[in-house]
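Here's the structure we're looking at; comments come further down.
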Amino acid sequence: MTASPEQTPEAVSPVRPALAALALAVDAALVLLFAGLGRSNHAREATLLGLFETAWPFLVGLLLVWGWGLVWKHPVKLLRSGVPVWLGTVMLGMGLRLLSDQGTAPAFILVATITLGVFLLGWRGIALLVLRMRRR
């Protein structure tokens, strides 16, 4: 027996471009926050260029995961989108840092993994709780 068009997941929860754009903006803002916090903790120059220098590998990784992982289809889902965004952003970001002769010390990898995990999974967890409470 096949599902009718009304019963497909896409029909029940259509992709809303505004929600996807907002989710991507939140992810990017949190990557920028991570880079800014890192720079300030290491007494680095507080300039937009310096922030971009630190953030660009992770922002590129984030965008690649969003495209490859079709995150825009379910941007708030924790396991379906959050985990791939988190791990992909860290792994691709570290790979790009390595290729561009930026630091990839084990301590930095650990801090980046934990911080980006808290940020990129945390907001999704909060959003899911809010959405569940609104449905009640």
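Any value given below was found using the heavy atoms of this structure, including those in side chains, with hydrogens, waters and symmetry copies removed. These figures come from a predicted structure and were not determined experimentally.
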**Prompt:** Leu92 versus Val60: any side-chain heavy-atom pair under 4.5 Å?
**Reply:** no
**Message:** If you compare all heavy atoms of Ala127 against all heavy atoms of Val76, which two are closest, and at what distance to 0.1 Å?
**Reply:** CB-CG1, 3.8 Å
**Asked** Within a strict 4.5 Å, meaning less than it, do heavy atoms of the Thr113 and Trp86 side chains meet?
**Response** yes
**Prompt:** Is it true that Met94 and Met91 fall in one hydrophobic cluster, defined by side-chain heavy atoms closer than 4.5 Å?
**Reply:** yes
**Prompt:** Side chains of Leu59 and Leu32: closer than 4.5 Å at any heavy-atom pair?
**Reply:** yes
**Prompt:** Does some side-chain heavy atom of Leu116 sit less than 4.5 Å from a side-chain heavy atom of Val85?
**Reply:** no
**Item:** side chain to side chain contact (heavy atoms under 4.5 Å, CB included) between Leu87 and Val65, intermediate numbers included
**Value:** CA-CA 9 Å; Leu87 295 176; Val65 172; over 6 Å; no
**Item:** same_hphob_cluster(Leu33, Leu62) at 4.5 Å side-chain heavy-atom cutoff
**Value:** yes
**Message:** If I compare all heavy atoms of Ala35 with all of Thr54, which pair ends up nearest, and what's the gap?
**Reply:** CB-CG2, 3.7 Å
**Item:** Contact summary for Gly103 and Phe108, nearest pair of heavy atoms
**Value:** O-CD2, 3.8 Å
**Request:** Show your reasoning for whether side chain to side chain contact (heavy atoms under 4.5 Å, CB included) applies to Val26 and Leu30.
**Result:** CA-CA 6 Å; Val26 170; Leu30 290 170; 3.8 Å; yes
**Prompt:** Of the non-hydrogen atoms in Ala55 and Val31, which two are nearest, and what is the gap between them?
**Reply:** O-CG1, 4.3 Å
**Side chains of Val83 and Leu78 in contact at under 4.5 Å (non-hydrogen atoms)** = no
**Leu120-Val118 co-clustered via ILVMFWY side chain contacts under 4.5 Å** = yes
**Message:** For residues Ile109 and Leu98: do they belong to one hydrophobic cluster (side chain heavy atoms under 4.5 Å, members Ile, Leu, Val, Met, Phe, Trp, Tyr)?
**Reply:** no
**Request:** Check whether any side-chain heavy atom of Arg124 lies under 4.5 Å from a side-chain heavy atom of Leu79, and answer yes or no.
**Result:** no
**Item:** Gap between atom CG of Leu51 and atom OG of Ser40 - 0.5 Å precision
**Value:** 10.5 Å
**Complete:** In this structure, OG of Ser81 is separated from CH2 of Trp66 (nearest 0.5 Å) by 7.0 Å
**Message:** For the aromatic rings, using the six-membered ring if either is Trp, is the centroid distance between Phe58 and Phe34 under 6.0 Å?
**Reply:** yes
**Request:** Check whether any side-chain heavy atom of Leu37 sits under 4.5 Å from a side-chain heavy atom of Phe119, and report yes or no.
**Result:** yes
**Message:** For a 4.5 angstrom cut-off between non-hydrogen side-chain atoms, does Gln102 reach Trp56?
**Reply:** yes
**Request:** Could you tell me the separation between the CG atom of Leu131 and the CD1 atom of Ile126, rounded to the nearest 0.5 Å?
**Result:** 12.0 Å
**Complete:** Looking only at heavy atoms, the pair that brings Leu96 and Pro57 closest together is CD1-O, 3.5 Å
**Prompt:** Are Val130 and Leu19 connected in the hydrophobic side-chain network, where two residues link if heavy atoms are under 4.5 Å apart?
**Reply:** no
**Message:** Tell me if a side-chain donor or acceptor on Arg39 pairs with a main-chain N or O of Gly50 at a distance below 3.5 Å.
**Reply:** yes
